[in-house]
S.K.: 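This is the structure I have questions about; it appears just below.
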Amino acid sequence: MRRKLAPLLFQDGDPEGARAQRSSPVGKAEVSERAKLKEDTKRTGDGYPVHSFRTLLDDLPTLTLNSILLPGITDITFETATKPMPVQAKALELFGVDATAPGFKSPSEGAAERCM
């Protein structure tokens with residue numbers, strides 16, 4: 001999960017770039033220039049705020065599926081999903097989930113399998 005979400009995290013999402021900066025394979029590990037830029041600006045290359053893994057997970061639960069039951073009408077219900085915030089949409093996109101697609105229900109209804 002962390003690997004897929006690396007573009008949104010303080011984690012270095014460019015290990016090859018970091019390896020290329022080392023003069024020796026046994027030398028001290030360095031972070032890539034892209035990771036340094038994320039750390040300095042607190043923004044991703046796409047302009048999203050950079051998160052720790054924990055804070056990103058804390059942001060995701062606000063994406064919900066709501067069942068609506070109108071007062072006085074007990075036999076008709078409908079469901080509506082909340083619109084994902086930009087960082088939520090980006091996180092879902094990194095897992096290959098399109099929250100705007102027709103038929104999107106919730107990550108627990110099939111998206112978890114696509115994430116692996």
Side-chain angles (χ1 to χ4, degrees):
M1 234 175 130
R2 286 178 192 262
R3 207 169 324 136
K4 287 198 180 264
L5 293 173
L8 293 173
L9 303 176
F10 282 106
Q11 175 179 330
D12 194 345
D14 186 18
E16 291 80 24
R19 270 197 241 22
Q21 290 181 240
R22 271 196 252 169
S23 58
S24 165
V26 294
K28 180 182 173 199
E30 297 287 334
V31 295
S32 68
E33 289 301 317
R34 196 165 29 181
K36 289 176 187 174
L37 186 61
K38 275 199 302 188
E39 179 69 31
D40 292 344
T41 63
K42 308 295 189 254
R43 295 272 172 193
T44 68
D46 298 336
Y48 296 103
V50 181
H51 284 268
S52 70
F53 187 68
R54 178 79 269 154
T55 61
L56 184 57
L57 289 183
D58 289 343
D59 270 354
L60 296 178
T62 61
L63 185 60
T64 62
L65 180 66
N66 300 303
S67 294
I68 311 296
L69 175 64
L70 299 174
I73 304 174
T74 59
D75 58 337
I76 299 175
T77 62
F78 60 95
E79 293 179 338
T80 183
T82 56
K83 182 179 177 186
M85 295 182 299
V87 73
Q88 291 172 323
K90 181 64 177 178
L92 291 171
E93 177 187 312
L94 292 170
F95 283 118
V97 176
D98 182 3
T100 63
F104 173 77
K105 292 293 184 189
S106 73
S108 64
E109 295 179 2
E113 293 80 19
R114 291 192 299 268
C115 294
M116 296 180 190

S.K.: Might you point out which heavy atoms bring Pro84 and Ala89 nearest each other, and give the distance in Å?
M.R.: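 The answer is CB-N, 3.9 Å.
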S.K.: Answer yes or no: is there a donor N or O on one side and an acceptor on the other, between the side chain of Thr82 and the main chain of Thr64, under 3.5 Å?
M.R.: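 Judged by distance alone, yes, a pair lies under 3.5 Å.
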S.K.: For Phe10, which fellow cluster members are found when Ile, Leu, Val, Met, Phe, Trp and Tyr are connected by side-chain heavy-atom distances below 4.5 angstrom, either directly or through intermediates?
M.R.: Val50
S.K.: To the nearest 0.5 Å, tell me how far Leu9 CG sits from Thr55 OG1.
M.R.: 8.0 Å
S.K.: Would you indicate whether Lys83, at its atom NZ, is surrounded by more than 12 heavy atoms from other residues, nucleotides or ligands within a distance under 6.0 Å?
M.R.: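 No.
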S.K.: Which residues pass the side chain to side chain donor-acceptor pair (under 3.5 Å) test with Thr62, not counting sequence neighbours?
M.R.: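 For Thr62 the side chain to side chain donor-acceptor pair (under 3.5 Å) partners, ignoring immediate neighbours, are Gln88.
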S.K.: OG1 of Thr77 to CG of Leu70: how many Å apart, nearest 0.5 Å?
M.R.: 9.0 Å
S.K.: Nearest 0.5 Å please: distance from the CG atom of Leu56 over to the CE atom of Met1.
M.R.: 8.0 Å
S.K.: Assigning hydrophobic clusters by single linkage (Ile, Leu, Val, Met, Phe, Trp, Tyr; side-chain heavy-atom cutoff under 4.5 Å), is Leu65 placed with Phe78?
M.R.: no
S.K.: Which value, rounded to the nearest 0.5 Å, describes the distance between Leu63 atom CG and Met85 atom CE?
M.R.: 8.5 Å
S.K.: How long is the straight-line distance from CZ of Phe95 back to NZ of Lys4, given to the nearest 0.5 Å?
M.R.: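 With rounding to 0.5 Å, NZ (Lys4) is 7.0 Å from CZ (Phe95).
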S.K.: Do you know which two heavy atoms are closest between Lys38 and Pro7, and how far apart they sit?
M.R.: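 Smallest heavy-atom distance, with atoms named: NZ-O, 3.7 Å.
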S.K.: Any salt bridge linking Lys90 with Glu93? Criterion: basic side-chain nitrogen under 4.0 Å from a carboxylate oxygen.
M.R.: yes
S.K.: What is the distance from atom CG of Leu8 to atom CG of Asp46, rounded to the nearest 0.5 Å?
M.R.: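 One finds 8.0 Å between CG of Leu8 and CG of Asp46.
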